[in-house]
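Have a look at the structure below before the remarks.
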There are 2 protein chains.
Amino acid sequence: MARSNQSQFALLGLLSFGAMSGYDLRQLSGWSVGHFWRESYGQIYPTLKKMAAEGLVRRKTEVNPGRPDRHIYELTAAGRKELYRWLERPPTVEVPRNELLLKLFFGGLVPPGVSAEHVSQRREQCRQELATYRATRERLEKEAAKDPQKPFWLMTLNYGEHIARAEANWCDETLKELGEKKRQTKRN
Amino acid sequence: MARSNQSQFALLGLLSFGAMSGYDLRQLSGWSVGHFWRESYGQIYPTLKKMAAEGLVRRKTEVNPGRPDRHIYELTAAGRKELYRWLERPPTVEVPRNELLLKLFFGGLVPPGVSAEHVSQRREQCRQELATYRATRERLEKEAAKDPQKPFWLMTLNYGEHIARAEANWCDETLKELGEKKRQTKRN
DNA sequence: CGTAGCATGTAAGTTGTTACATGATTCG
DNA sequence: CGAATCATGTAACAACTTACATGCTACG
């Protein structure tokens, strides 16, 4: 068992940037680790509670007049230690499920236009992702120009760009092949 | 709700190649869709049972003397129809979690050697994946030379190769950057 | 005045993994 | 003779998503 609670470590990591609320964690994760890691509120709030009970984080309540209270979570020494121990363990790889590929694998069962449409949509998504990466890069250059952690953030961004470009290229190649298939089918 | 039971469709798809047992499904998925889709027995057997109850598959028992019985599952007309309907729906994308990137994102918290070691291990995994793809490609050329579905299988294989190469390149670049970082750290 | 954002959380359901249980046969 | 493969399945649990519930404020 022990699937080792990855969400927990993601949150611990984000909290290393400073004390935050569950809401903040969600927002921050959106533009920082958003392209390779996402957490839902339904996951964040219970995990924070559990970590507080285990002494990995400390909870403080910030009372704001005319606004909902904010529950700010802060790393404890124990939490920081856990985080470091996790960072040093080698990451485990698992096969990511890819619905597009699964459908394409069975592409022979449906008219070729169906697969082409799926790939074409993916192509467009890649284009959008690449645009987002460019924007994030500019934002990083401005807002984190001097941050010592910036190089690491750029590395993860580079990863996204490498993969998105590769995926886009594959889409283009595949669309060409599917196009030929379509013509062949029409002739028969 | 309705997370739309992806595993179910994967199994329906594999069953379109012919009637099979749960065990067979697992084996077949290993080398066919293995690099982008995996199912465990704990998922396969209950799903088959459920689909049989819903009339998407038909179960036949093959009695073998001196061996465990084999439960062979076969697509029904309803199952086939469900499969086609699913194939035509546009695939949904979800952000795949990447533990390596998550650790790298927080790389500033640990000595640079730690991140380098993680990336280096990933580099080696890419090498192995590429070797597997080459082997699968050869196997496909031989064993499925005339299969009309072969082009689709090759497309999914191409995808794997594109991504693995991109990932390998990224690893190399990143290792270089991390190497420089290490030297800088040592000098300070 | 409606919508979006701020802000917290719970409940119910689904999906998936891992470990366990069983027992025969084949191969080295 | 021990390990791997064939073959099926269950139980326990972990993880995650979605929808719901609440209510205020700022903005157009």
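- Considering only side-chain N and O atoms, A/Ser7 lies nowhere under 4.0 angstrom from the phosphate OP1 or OP2 of D/dA15.
- Between B/Ile44 atom CD1 and C/dG16 atom C1' the separation is 12 Å, expressed in whole Å.
- Note: CG (A/Asp24) to C1' (C/dG5) measures 13 Å, nearest angstrom.
- Taking a cutoff of 4.0 Å between a charged side-chain nitrogen and a carboxylate oxygen, A/Glu141 and A/Lys150 qualify as a salt bridge.
- Side-chain polar atoms of B/Trp86 and B/Glu88 form no donor-acceptor pair below 3.5 angstrom.
- At whole-Å resolution of the value, CZ in A/Arg26 and C1' in D/dT17 are 11 Å apart.
- A side-chain donor-acceptor contact under 3.5 Å links A/Gln43 and A/Ser7.
- In the hydrophobic clustering, B/Tyr41 connects to B/Tyr23, B/Tyr45, either directly or through intervening members, whenever side-chain heavy atoms lie under 4.5 Å apart.
- Overall bending of the helix from C/dC1-D/dG28 to C/dG28-D/dC1, expressed as the angle between end axes built from five pairs apiece, is 40° (10° steps).
- Atom CG in A/Leu25 sits roughly 13 Å away from atom P in C/dA7 (whole-Å rounding).
- Of the residues in residues 34-42 of chain A, those with a non-hydrogen atom less than 4.0 angstrom from any atom of DNA chain D are A/Ser40, A/Gly42.
- Rounded to whole Å, atom C1' of C/dG9 lies 14 Å from atom OH of A/Tyr23.
- What separates NZ of A/Lys49 from C1' of C/dA11 is a distance of 12 Å, to the nearest Å.
- A donor-acceptor contact closer than 3.5 angstrom is absent between the side chains of A/Gln121 and A/Gln125.
- A donor-acceptor pair shorter than 3.5 Å can be found between the side chains of B/Asn158 and B/Arg137.
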